[in-house]
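Below is one structure, written out as structure tokens; the observations come after it.
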Amino acid sequence: MKKIPYNLYIHFDELSSFFKGNTNRKENFLICGFVSVELSTYLMGSILKTKEKNNRDKISHILQGIETQFKLLNSCDFILEEKGFKESYSKNIENLKLLDHSYSGVIDRITTSYFELSEKVKIGLDDQINKIRDYFFLVKLPVKRLDIADQIEYPNIIKELKLDELEYFNSEDEMFMITHQVSECWFNIAINELKTIDNIFENSAISDDKIGHHFKVVYETLLYLADNILLLEHMILADYHPLRVALRGASGGQSQQAYELFYISKKLFEKFLKHIESDNINIVQILENPKDNAVLLPIVNHFTNFERSLKNFFFQHYVLTSNIIGSQSFGSIGLDIVSLADKFVEPIFKEIDQAKYDLTLKTNYQYGNISGILILDKEGPTPENTEVHTTKIDAINTAVNGYFDAISSFDQEKWVDLFSENGYMEDPVGSRPYIGHQQLAIFFKGVIRFFSELSMTIESKHLEEDSVKIIWKAKAKSFNGKEILFNGIEVFKINNNGKIMSAQVEWDPSIIAKQL
Ligand code: HEM
């Protein structure tokens, strides 16, 4: 009979007795962070004690994780806290002494980071940490004695998780279990930071000064987690599979905290949207006018960074899982690995993504007069048509009428086919032309994407010696529902087969940008 609880692989339940939730955010941060350090040093000790061969990569990765955990602990806004741990001794941190002296560089960084932290909050391991430094021939660091009235127990994970009593399936189980529990510790911290931001959103005016710090902690925490799960890349697959089968497809997908993190971030973003809506402003306006929106722009950027770190986690998780069980596998909730890709491809804060797209389209028109001029300089002038402009009135009428009909009915195939093989479109005159059917199709796709409705009508037609000049007007609706009116003059050259050799548009595209 195996004694290891299922929850230790996936959920957080066993560890939750340590935590205070967001009722005392800093205390929670401190305990969560040290539970995580304890778990990591326990795992490292366990690997070193079994004298596992070729363990250097695993050990270096675990140590790098411990170093990052201390950096994250230092990023918490502790300032001479009134609460801290009682004097203590950690059996797990003592495992650092099992390392050989080639690791003294990383021991130096970890322990220096420890003392940086212990200047702000009492950890209670100062003497032990200095002895570890001494063991690695590193100078002892000055200890700042913080006398605090409110002392809490240093977390004893061995006792709480009954780690001494667990029986494992095989050598990789511990690694799998600890990686999940460390993730849960930091999910917990990230959730509390998000709840703090939520509180600030609820109770005071939104400002970067108040929330920037918390967003940064969440961002850094998720970056760390993305790296932490890659520890599992070191597992020997043959030793992992028995556990996987015993867990019967159970995965971090059942982590309630992972979902909570996602849920809170969405709620938080909705609150932000409501806030800017009540100020009668939208994200495009914030992005467009950074100086006028010096308070709101950093918040939009925080959400963007947060999204990046979440997606980075999901991306690394995707690569990890497909490396371990192959992309055709699926897990306990029936999602196959390939579908996990949606999580890092689809926008999380959709309104920011939409606003960036809106701004891109808007600026395409706003700066349409210079479209492609940099590359045009390099390419040189567009080659002149070798064929002469036709004198056949029927051919001219068919081509020109077909051209405006096809645009108005969004018929890409018909429109492209009206051009000769090397026919081109210069819109507006002076910009980089779209030459040949392939490029013309790209131009047309842009039109279809931008307008939800478009009606172009010919106002007048002027037959000239080597071209036909059309004065047109257009009534349209943009993709975001704005009514738009614009007009222009277009000069066509058409060959004897009735194909358009060139279409050059004289107009000011920024007229469209102004109406958006
Ligand atoms: C051997 C390593 C791992 C494998 C093979 C694996 C596999 C999977 C699979 C198949 C899913 C899809 C959901 C399902 O059907 O169960 C999933 C989801 C998930 N896993 Fe893992 N996982 C691994 C490690 C981890 C670790 C260490 C974490 C850290 C907490 C984690 C967190 C998650 C999360 C949060 C989801 C939900 C993703 C979503 O909603 O799109 N996984 N995992």
Side-chain angles (χ1 to χ4, degrees), residues 4 6-16 32 35-36 39-40 43 58 61-62 64-65 68-69 72 168-191 194 218 221-266 306-307 309-348:
I4 191 156
Y6 166 81
N7 276 345
L8 267 189
Y9 290 115
I10 309 298
H11 281 296
F12 198 45
D13 304 359
E14 261 73 12
L15 288 176
S16 55
C32 252
V35 167
S36 173
L39 286 164
S40 302
L43 176 65
K58 246 186 205 177
H61 202 147
I62 295 172
Q64 187 190 312
T68 313
Q69 289 166 29
L72 288 170
Y168 294 99
F169 284 86
N170 56 44
S171 62
E172 301 299 3
D173 295 19
E174 238 177 359
M175 175 100 145
F176 190 82
M177 182 257 282
I178 300 273
T179 306
H180 276 90
Q181 295 303 300
V182 165
S183 303
E184 292 288 331
C185 288
W186 293 95
F187 278 149
N188 189 275
I189 288 174
I191 288 170
L194 288 177
V218 176
T221 299
L222 284 165
L223 286 190
Y224 163 61
L225 284 178
D227 184 63
N228 169 59
I229 59 171
L230 297 187
L231 262 179
L232 296 181
E233 292 266 11
H234 301 289
M235 292 192 300
I236 293 166
L237 288 187
D239 288 346
Y240 159 66
H241 282 296
L243 168 71
R244 181 188 59 76
V245 177
L247 284 169
R248 181 88 171 260
S251 75
Q254 285 140 347
S255 158
Q256 283 155 4
Q257 291 201 118
Y259 283 100
E260 196 181 348
L261 184 85
F262 215 69
Y263 175 79
I264 296 181
S265 60
K266 294 259 187 188
F306 177 30
E307 172 157 347
S309 61
L310 269 173
K311 282 183 168 168
N312 183 49
F313 175 82
F314 286 121
F315 173 71
Q316 299 297 356
H317 175 268
Y318 169 79
V319 177
L320 169 80
T321 53
S322 51
N323 279 348
I324 289 183
I325 53 175
S327 61
Q328 293 175 69
S329 291
F330 46 90
S332 56
I333 37 182
L335 296 176
D336 56 24
I337 301 287
V338 174
S339 74
L340 291 175
D342 291 349
K343 270 279 186 347
F344 60 83
V345 173
E346 279 178 11
I348 297 174

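Both counts, for ligands and for their atoms, begin at 1 and track the order of listing. For clarity, every value in this text was computed on a predicted model and none was experimentally measured. Counting begins at 1 with the first residue of the sequence.
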Could you list which atoms of ligand 1 come closer than 4.0 Å to a heavy atom of [X]?
X: S183; result: 29 (C), 30 (C)
X: F176; result: 1 (C), 2 (C)
X: L232; result: 2 (C), 27 (C)
X: A258; result: 35 (C)
X: F314; result: 38 (C)

Please step through side-chain contact (heavy atoms from CB on, under 4.5 Å) for the pair N228 and W186, ending with a clear verdict.
CA-CA 10 Å; N228 169 59; W186 293 95; over 6 Å; no
Mutual orientation of the aromatic rings belonging to F176 and H180 [parallel < 30°, tilted 30-60°, perpendicular > 60°]
tilted
Once you round to the nearest 0.5 Å, how far does CG of L237 lie from CD1 of I324?
6.5 Å
Contacts of V345 that satisfy side-chain contact (heavy atoms from CB on, under 4.5 Å) - sequence neighbours left out:
none
Donor-acceptor pair, side chain of E172 and main chain of I236, under 3.5 angstrom
yes
I'd like to check whether K343 has a polar contact with ligand 1, where a contact means an N/O of the residue lying under 3.5 Å from an N/O of the ligand.
yes
Heavy-atom distances under 4.0 Å are what count here, so tell me which part of [X] touches ligand 1: side chain, backbone, both or neither.
X: I337; result: side chain
X: H317; result: side chain
X: H180; result: side chain
X: Y240; result: side chain

Does ligand 1 have any atom sitting under 4.0 Å from a heavy atom of F262?
no
How would you list, by chain and number, every residue that makes a ring pair (Phe, Tyr, Trp, His ring centres under 6.0 Å) with F344, sequence neighbours excluded?
F315, Y318
Using the rule side chain to side chain contact (heavy atoms under 4.5 Å, CB included), only one of L232, D173, I325 pairs with Y240; which is it?
I325
From L194, L225, T221, residue fulfilling side chain to side chain contact (heavy atoms under 4.5 Å, CB included) relative to L261:
L194
